[in-house]
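One structure is given here, and the rest of the page talks about it.
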Amino acid sequence: IEIGDVQKGNFQYAQTIAIQPGQQYHAIAWVRASEETEVELHLRRETGDYRVFAKGTLKVGKEWRPVELIGSAADKTVRFFLLTKKANVT
């Protein structure tokens with residue numbers, strides 16, 4: 001997914017998936033940004049309190065780098081959620 005412009009705020013991408021509760025998952029997202037920023041990859045609850053079951057964090061810039069997480073969740077349906085910590089970064 002290529003994001004060409006963020007007019008206001010932070011970039012967020014969410015993908016809902018069905019999983020086996022309690023099973024461990026390893027997720028990797030290759031990311032880069034228009035300027036240095038921290039990105040987070042979450043395995044989180046889909047609704048309600050959006051509890052984060054696992055999180056990976058990485059500082060990125062213009063070169064591709066992998067951000068990854070390893071974890072499990074108690075829910076059957078969760079979201080992988082990718083976000084930038086700095087506003088107006090693509």
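These numbers were taken from a predicted model, which means no experiment stands behind them.
The CD atom of Q15 sits 9.5 Å away from atom CZ of F80, with the distance rounded to the nearest 0.5 Å. Atoms CZ and CD1, on R79 and I19 in that order, are 13.5 Å from each other to the nearest 0.5 Å.
For the pair V78 and E46, the minimum side-chain heavy-atom distance is 4.5 Å or more. When side chains are defined from C-beta on, V67 counts as touching L82, because their heavy atoms get closer than 4.5 Å. Annotation: side chain of R65 is not in contact with side chain of V39 (no heavy-atom distance under 4.5 Å). In this structure, the side chains of H26 and I28 come closer than 4.5 Å at one or more pairs of heavy atoms.
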From CA spacing to verdict: side chain to side chain contact (heavy atoms under 4.5 Å, CB included), Q24, I70:
CA-CA 7 Å; Q24 191 169 66; I70 298 173; 3.5 Å; yes
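Among all heavy-atom pairs drawn from P21 and K76, the shortest one is CG-CG, 3.6 Å. Closest heavy-atom contact between W64 and W30: CZ3-O, 3.3 Å. What you find for T37 and K85 is that their closest heavy atoms are OG1-N, 3.8 Å. Counting all heavy atoms, side chain and backbone alike, L43 lies closest to A73 at CD2-CB, 4.3 Å.
In terms of modelled atom types and a separation under 3.5 Å, the side chain of Y25 and the main chain of L69 share no donor-acceptor contact.
Q23 CD: more than 12 foreign heavy atoms inside a 6.0 Å radius.
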Do any side-chain atoms of residues 51-63 form donor-acceptor pairs under 3.5 angstrom with protein atoms, and if so which ones, sequence neighbours left out?
none

